[in-house]
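From a predicted model like this one, the values you see are computed outputs, not experimental measurements.
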Amino acid sequence: MDKRRALHCLVAAGMAATLGAGLAGCSDQPGAKLNGVDVTGAEYAKGFSLPDADGKQRSIKDFAGKVTVVFFGYTQCPDVCPTTLQELVEAKQHMGAQGDKLQGVFVSVDPERDTPEVLKAYVGNFDPGMVALTGTPEQVAAMAKDFKVYYKKVEGQQPGTYTLDHTAGLYIYDPQGRLRVYQRYGAGAKVLAEDALTLLAQPAA
């Protein structure tokens with residue numbers, strides 16, 4: 001594992017610990033068995049408002065009736081982002097007939113390079129139904145702050161080049177648009193699919 005990948009994992013682990021502290025087990029659905037960190041009732045990441053790659057303003061309300069998975073990253077990410085996006089695709093396959101009720105939302109933390117055209121092509125290579133969000137650096141920073149997401153530019157060896165270290169977990173919303181689960185990076189497609197099916201099976205409160 002190289003230094004940058006190790007940092008990704010440490011950031012993800014730290015986020016999971018922070019998010020889980022005092023929140024695990026606070027679900028208003030006591031019968032639910034979730035694999036990820038149960039963050040039901042959290043006071044952060046209650047929603048979002050950013051334009052998608054087509055310029056349409058998006059919010060969690062647009063995905064009512066689906067389990068929505070929000071992930072922060074950038075298109076030039078060498079390993080973490082493509083791995084996670086592929087897991088989202090595989091999770092839909094694991095869900096069978098209910099796979100169309102899993103909605104991926106990719107939020108770029110690199111608005112400087114991730115133009116709407118670039119983002120649309122990038123997520124489309126994984127899943128044509130996936131939504132990519134972007135905005136001004138200030139808008140992206142505000143959303144990341146609300147989600148308690150860390151990201152930082154790391155200058156490359158060549159002038160003008162850089163990568164981004166960032167939180168690599170998944171924020172999972174139930175069909176009613178409530179944040180319910182934080183899934184650690186690398187948990188896998190099967191775990192994600194199981195939690196999505198659990199949330200879909202729960203009655204609306």
Side-chain angles (χ1 to χ4, degrees), residues 1-19 36-37 39 44-45 47-55 57-58 60 68-91 103-127 130-173 179 181-189 192:
M1 180 181 290
D2 60 30
K3 183 177 180 181
R4 181 159 292 114
R5 187 174 179 84
L7 179 57
H8 283 313
C9 295
L10 285 172
V11 169
M15 278 298 300
T18 300
L19 293 171
V37 179
V39 293
Y44 53 86
F48 53 84
S49 181
L50 276 182
D52 64 17
D54 292 318
Q57 202 72 14
R58 293 287 196 151
I60 190 62
T68 303
V69 181
V70 177
F71 173 69
F72 290 75
Y74 66 112
T75 63
Q76 296 190 41
C77 180
D79 45 23
V80 173
C81 299
T83 297
T84 300
L85 295 181
Q86 182 58 36
E87 285 182 355
L88 280 168
V89 173
E90 294 173 3
Q103 176 65 55
V105 176
F106 179 76
V107 184
S108 172
V109 294
D110 189 15
E112 181 179 338
R113 295 181 298 192
D114 289 347
T115 64
E117 294 77 16
V118 168
L119 276 172
K120 191 170 185 177
Y122 182 71
V123 299
N125 284 331
F126 291 93
D127 177 3
M130 194 176 296
V131 172
L133 303 182
T134 185
T136 65
E138 294 76 17
Q139 287 174 318
V140 172
M143 181 170 172
K145 181 179 180 180
D146 185 51
F147 276 68
K148 301 185 184 296
V149 163
Y150 164 89
Y151 66 99
K152 181 180 180 181
K153 183 183 290 189
V154 179
E155 298 299 333
Q157 295 182 351
Q158 301 299 321
T161 64
Y162 63 89
T163 57
L164 287 158
D165 288 325
H166 61 91
T167 301
L170 303 177
Y171 297 79
I172 306 174
Y173 292 77
L179 179 63
V181 182
Y182 178 81
Q183 183 173 298
R184 299 172 177 86
Y185 168 69
L192 173 58

(request) Any chance you could lay out the side-chain contact (heavy atoms from CB on, under 4.5 Å) test for Leu85 and Met130, step after step, and finish with the verdict? (result) CA-CA 9 Å; Leu85 295 181; Met130 194 176 296; 3.7 Å; yes
(message) Does Phe71 form a side-chain contact (heavy atoms from CB on, under 4.5 Å) with Val107? I'd like the steps, not just the answer.
(response) CA-CA 6 Å; Phe71 173 69; Val107 184; over 6 Å; no
(request) Step by step, work out the ring pair (Phe, Tyr, Trp, His ring centres under 6.0 Å) result for Phe147 and Phe72. (result) CA-CA 10 Å; Phe147 276 68; Phe72 290 75; 5.3 Å; yes
(request) List the steps, then state whether side-chain contact (heavy atoms from CB on, under 4.5 Å) holds for Val154 with Leu164. (result) CA-CA 6 Å; Val154 179; Leu164 287 158; over 6 Å; no
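Proximity of Leu192 to Gln183: side-chain heavy atoms (C-beta onward) are separated by under 4.5 Å at one or more points. Between Arg113 and Tyr162, some side-chain heavy-atom pair lies under the 4.5 Å cut-off. Using a 4.5 Å heavy-atom cutoff, the side chains of Asp52 and Leu119 are not in contact. Between Lys120 and Asp54, some side-chain heavy-atom pair lies under the 4.5 Å cut-off. You'll find the side chain of Gln103 stays beyond 4.5 Å of the side chain of Val69, heavy atoms only. The closest side-chain heavy-atom distance from Val37 to Arg184 is below 4.5 Å. A heavy-atom distance below 4.5 Å is found between the side chains of Arg58 and Leu133. Using a 4.5 Å heavy-atom threshold, the side chains of Val105 and Thr68 count as touching.
Aromatic ring orientation, Tyr182 versus Tyr171: perpendicular (interplanar angle above 60°, classes split at 30° and 60°). The aromatic rings of Phe106 and Tyr122 sit tilted, their planes meeting at an angle between 30° and 60°. Ring geometry for Tyr74 against His166 counts as perpendicular: the plane angle is over 60°, on a 0 to 90° scale with 30° as the lower cut.
Between the side chain of Gln139 and the main chain of Thr136, a donor-acceptor pair closer than 3.5 Å is present. Proximity of a side-chain donor or acceptor of Asp127 to a complementary backbone N or O of Val123 within less than 3.5 Å is not detected.
Comment: Lys152 does not engage Asp165 in a salt bridge, judged by the lack of any side-chain N to carboxylate O separation of less than 4.0 angstrom.
Listed here is the closest heavy atom pair of Leu179 and Tyr173: N-CD2, 3.4 Å. A pairwise comparison of heavy atoms in Gly73 and Cys81 identifies CA-SG, 3.6 Å as the closest pair. Nearest heavy-atom pair across Val39 and Val181 is CG2-N, 3.7 Å. Residues Asp146 and Tyr44 share a closest heavy-atom pair of O-CB, 3.3 Å. Here the shortest heavy-atom pairing between Val140 and Ser108 reads CG1-O, 3.5 Å. In plain terms, the two heavy atoms of Met143 and Leu50 that are nearest each other are SD-CD1, 3.4 Å.
Taken from OG1 in Thr83 to CD in Gln86, the straight-line distance is 8.5 Å, to the nearest 0.5 Å.
Just one residue in the list Thr167, Leu170, Val80 forms a side-chain contact (heavy atoms from CB on, under 4.5 Å) with Tyr185, and that residue is Val80.
Side-chain atoms of Thr134 and Asp114 form no donor-acceptor pair, as typed in the model, at a separation below 3.5 Å. Using modelled atom types and a 3.5 Å distance limit, the side chains of Ser49 and Gln57 yield a donor-acceptor pair.
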